[in-house]
Structures are given as C-alpha cells and as structure tokens.
Number of protein chains: 2
Amino acid sequence: MGTSKKNLFTPEQNRIAELAKALGHPARIAILQHLFSVNACICNDLVEELPLSQSTISQHLKALKNVGLIQGSIEGKSICYCVDQDTWKEAKSILNSL
Amino acid sequence: MGTSKKNLFTPEQNRIAELAKALGHPARIAILQHLFSVNACICNDLVEELPLSQSTISQHLKALKNVGLIQGSIEGKSICYCVDQDTWKEAKSILNSL
DNA sequence: AATTAATATCGTAAAATTACGATGATAAAA
DNA sequence: TTTTATCATCGTAATTTTACGATATTAATT
C-alpha cells in the first residue's frame, strides 16, 4: 500500500504534480518569496530568515532544486541560490493552460 | 519530529502551500483535467476513468474539496463535481503574483 | 597547518500521505 | 420494502515527508 503509481499517469500529469508538490510547503513558498524579493541569496541568509534549522532548510532547497525551480552556484564558500526563470515560467504556463 | 510548523508562516504562505499541495498528485491533476474537459461529472465517471479504486478516488476528491478547488452537489443518488472557478482563479493569480 | 564559515548529507523519529478492501449511508428503482 | 447504485468513511499497511542534531565537506581565513 501507499505505493506511488506514477506509471499510471501521463508524463505531463506527473510533471505538473511534481512542480505543485514542490510548492506544497509554506517553508518552500517562503524561500521562493525571499528569492524573488532579493533576486538571489546564499543559503545562510535563509537560515537567518526562516525559523527552521540549517539542515531542514537545506532539505527544502534540495526539493526545489530537484524539480528545477531554483539553481545554486558556488560563490566562494557559500552557495548562491536564485529562481530558475524558465522553470518558473513553465509552472505558471502549465497552471494557466490546465 | 515531523511536526508541521504551520504557525511559523504567514496565512498567505500557508494558503499557497495548501493549494499547491492539493495539486501535488497526478491523480488529482487527472481529476481536474477531466472536470475541465467535461465541465462536470459524477464521482463514478472518475472511477471508470482512472486506474484507482473508488475509495482512493473519493479520498482525492475530498482533498480537492477541502481546499475549495472543487465543489460537489447532490444529484439523485450521485454527487456531481465541478471545478470551483473562484478558487481556481485564486490559485492562478496567487502563482502569477508570487 | 589549523581554524572558521557555509552547506550538504546521514541517521532517525514523528507525522502525513497514499492505497485498498470492507463497511456505512443514502436515494432511486424494482 | 427489498434491492441496487453511488459515494463516503473506517481500518490498516506501506511509503513518503518533515524536522532535527550530528557529522562530513569544502573553501576562505588566520
């Protein structure tokens, strides 16, 4: 039981669900909002911004990165994150055309 | 652990996440797509349309109804479901204005 | 070379999700 | 009134998510 049945749905349905799922947590919404407002920031800024531990935030960042909603680039000893505009457009257009 | 921290985020962030979460499963995307294409249908149509059991589909319908994305109205011994256009507009505008 | 700072990952526990069959509830039909 | 059809809910098991502390990892700094 509880086994996922991805194979029973179309790639489009799975992709939409995947993107929506990544947006389906307030912490990840907060992360995206912050990234939109400051354009880009390092992980540590988010740790100070959000009431969650560093490891938890790192996990949320990974979830967003896995579906392509954000990108991370090495910046000295930090990692600079920003919204991936292409994927963001994809998410919006998918929802609008549904 | 694993305790949800809804109280640490704004109502807006929670609402966005709640809506996105409801969209975060391919079966629920399939349900919405079907509802959009036929305008309205009874639960049983979805049971025949989707490769999932009746109880599972009923659960998914409940999830969509709980966040207001769909409405159900009694139609004899069936229940007729349709997309709630207001909530749907809310979802789209929220994403577009994020 | 040792220290510090910034992230990621591991291990783990609690909670939530997902799926199904079985059972209830309700209204039409016989 | 019994049966049938439609849908919801309950109980349950497997899976996934969420959160944290502890522990790597890596690069700048001292």
Side-chain angles (χ1 to χ4, degrees), chain A residues 1-9 13-14 17-31 34-35 40-67 69-82, chain B residues 1-9 13-14 17-31 34-35 40-67 69-82:
Chain A
M1 299 281 163
T3 34
S4 84
K5 302 216 157 182
K6 247 184 184 173
N7 51 317
L8 299 177
F9 300 96
Q13 288 165 340
N14 284 321
E18 187 179 58
L19 282 170
K21 196 173 186 179
L23 297 174
H25 193 287
R28 293 195 288 269
I29 296 298
I31 288 173
H34 193 256
L35 285 181
C41 76
I42 65 172
C43 168
N44 206 246
D45 293 339
L46 295 164
V47 175
E48 286 168 14
E49 191 79 15
L50 302 180
L52 295 170
S53 75
Q54 182 267 320
S55 58
T56 301
I57 289 175
S58 197
Q59 241 179 225
H60 284 303
L61 286 170
K62 191 178 181 181
L64 289 169
K65 204 166 64 174
N66 280 342
V67 299
L69 278 169
I70 64 173
Q71 291 174 338
S73 56
I74 299 169
E75 190 94 3
K77 59 182 167 183
S78 328
I79 291 185
C80 185
Y81 284 102
C82 64
Chain B
M1 300 278 161
T3 36
S4 82
K5 302 217 157 185
K6 248 184 185 172
N7 50 318
L8 298 178
F9 301 96
Q13 288 165 341
N14 284 321
E18 186 178 60
L19 283 169
K21 196 174 186 180
L23 297 174
H25 193 286
R28 294 195 287 270
I29 296 298
I31 288 173
H34 193 255
L35 286 181
C41 75
I42 66 172
C43 169
N44 207 246
D45 294 339
L46 294 165
V47 174
E48 286 168 13
E49 191 77 16
L50 302 180
L52 295 171
S53 76
Q54 183 266 319
S55 59
T56 300
I57 289 174
S58 196
Q59 242 179 223
H60 284 304
L61 286 170
K62 192 179 181 181
L64 289 169
K65 204 165 66 175
N66 280 342
V67 299
L69 278 169
I70 64 173
Q71 291 175 336
S73 56
I74 300 170
E75 191 94 2
K77 59 182 164 183
S78 326
I79 292 186
C80 185
Y81 284 101
C82 65

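The sequence lines fix the lettering, A, B, ..., with proteins before strands; numbering per chain opens at 1.
Side-chain contact between Asn44(B) and Ser78(B) is absent, with no heavy atoms from C-beta onward closer than 4.5 Å. Residues Ile31(A) and Leu35(A) have side chains in contact (heavy-atom distance under 4.5 Å, counting atoms from C-beta outward). Residues Leu23(B) and Leu69(B) have side chains in contact (heavy-atom distance under 4.5 Å, counting atoms from C-beta outward).
Put simply, Ser53(A) has a side-chain N or O that comes within less than 4.0 Å of OP1 or OP2 on dC20(D). Put simply, Thr56(B) has a side-chain N or O that comes within less than 4.0 Å of OP1 or OP2 on dC20(C). Applying the 4.0 Å criterion to OP1 and OP2 of dC7(D), one finds that Asn44(B) has a side-chain N or O inside that range. Distances shorter than 4.0 Å separate some side-chain N or O of Lys62(B) from OP1 or OP2 on dT9(D). Checking the phosphate oxygens (OP1, OP2) of dT17(C), a side-chain nitrogen or oxygen of Lys21(B) falls inside 4.0 Å.
Leu50(B) and Ala30(B) get closest at one heavy-atom pair: CD2-CB, 3.7 Å. Scanning both residues, Pro26(A) and Ala17(B), for their nearest heavy atoms gives N-CB, 3.3 Å.
Counting any heavy atom pair closer than 4.0 Å across all strands shown, Ser58(A) reaches a base atom. Within 4.0 Å of Ser55(B), counting heavy atoms only, lies at least one base atom of the nucleic acid.
The distance from atom CD of Gln54(A) to atom C1' of dT4(C) is 15 Å, rounded to the nearest whole Å. The nearest whole Å value for the distance from the CG atom in Leu50(B) to the C1' atom in dC20(C) is 15 Å. The interatomic distance linking His60(B) (NE2) with dC7(D) (P) rounds to 16 Å, in whole Å. One atom, NE2 of His25(A), and another, P of dT16(D), lie 18 Å apart when rounded to the nearest Å. Rounded to a whole Å, the CG atom of Leu52(A) is 17 Å from the P atom of dT17(D). For the pair Glu18(A) CD and dT17(D) P, the computed distance is 11 Å after rounding to whole Å. Rounded to whole Å, the distance from CD1 on Ile57(A) to P on dT18(D) is 14 Å. Put simply, CD1 on Ile31(A) is 12 Å from P on dT7(C), counting in whole angstrom units.
Out of dA6(C), dA8(D), dA8(C), the shortest distance to the side chain of Tyr81(B) is found at dA8(D). Each of dT6(D), dC20(C), dA8(D) was ranked by its minimum atom distance to the side chain of Gln59(B); first place goes to dC20(C).
Summary of the strand contacts: Asp45(B) and Gly24(A) both lie near DNA chain D, and taking for each the nucleotide with the nearest heavy atom, the more 5' one is attributed to Asp45(B).
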For nucleotides 24-29 of chain D, give me every protein contact, N/O to N/O, under 3.5 Å, one pair per line with atom names.
none

Under 3.5 Å, sequence neighbours excluded: what are the donor-acceptor pairs made by side chains of residues 55-63 of chain B?
{"from": "Ser55(B)", "atom 1": "OG", "to": "Ser53(B)", "atom 2": "OG", "distance (Å)": "3.3"}
{"from": "Thr56(B)", "atom 1": "OG1", "to": "Ser53(B)", "atom 2": "OG", "distance (Å)": "3.0"}
{"from": "His60(B)", "atom 1": "ND1", "to": "Arg28(B)", "atom 2": "NH1", "distance (Å)": "3.0"}

